[in-house]
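Remember, predicted model here, so these are calculated numbers, not experimental data.
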Amino acid sequence: TISSIKNYDNLKKLRAKIEMLFKVAKRIFGMKDLHVYNKGVASWKVYIYLYLSSLLLQYLKINGINKHRAIELLRQNHGLT
């Protein structure tokens with residue numbers, strides 16, 4: 001449960017950044033409306049989101065683009081909250 005995770009409250013900002021990265025990656029790669037309710041399928045989808053997010057971060061790094069600025073601009077342009 002959440003109560004058993006150490007520093008849960010201290011990691012809110014980091015979790016929010018990770019969630020936004022996932023949302024941006026899903027939107028960029030055409031997976032914005034993908035919803036999963038099966039645990040087995042959910043694990044596979046999380047793997048895909050992590051992979052796509054890592055591709056996005058690699059692209060930004062290779063091209064010398066500030067990841068924080070890029071993700072914020074993508075978030076604003078796609079109406080993500």
Side-chain angles (χ1 to χ4, degrees):
T1 65
I2 292 174
S3 61
S4 65
I5 299 173
K6 294 181 180 180
N7 297 322
Y8 180 81
D9 290 330
N10 297 335
L11 297 174
K12 284 182 181 180
K13 287 183 180 181
L14 178 59
R15 289 193 325 270
K17 287 181 180 181
I18 293 169
E19 180 66 26
M20 186 53 59
L21 174 62
F22 278 16
K23 285 181 180 181
V24 168
K26 284 172 57 179
R27 183 69 61 108
I28 288 172
F29 294 105
M31 301 175 75
K32 68 177 185 161
D33 295 324
L34 186 60
H35 299 284
V36 178
Y37 301 99
N38 177 298
K39 185 177 180 180
V41 175
S43 297
W44 177 245
K45 299 302 178 190
V46 168
Y47 171 78
I48 291 171
Y49 298 154
L50 285 171
Y51 179 70
L52 293 177
S53 299
S54 70
L55 289 178
L56 173 61
L57 290 176
Q58 287 175 39
Y59 174 82
L60 296 174
K61 183 177 181 177
I62 288 169
N63 291 287
I65 300 169
N66 182 302
K67 64 184 174 190
H68 301 290
R69 177 95 173 110
I71 291 172
E72 180 60 25
L73 288 172
L74 288 166
R75 182 191 70 79
Q76 290 174 3
N77 289 340
H78 291 283
L80 300 171
T81 59

Joint hydrophobic cluster, Leu57 plus Tyr59, side-chain heavy atoms closer than 4.5 Å: yes
Nearest-0.5 Å distance, CD1 of residue Ile65 to NZ of residue Lys67: 13.0 Å
Would you say Arg15 and Lys12 make side-chain contact, with heavy atoms under 4.5 Å? yes
Hey, what do you get for NZ (Lys61) to CG (Asn66), rounding to the nearest 0.5 Å? 13.5 Å
Calculate, to the nearest 0.5 Å, the distance between atoms OH and CG belonging to Tyr51 and Leu56 respectively. 12.5 Å
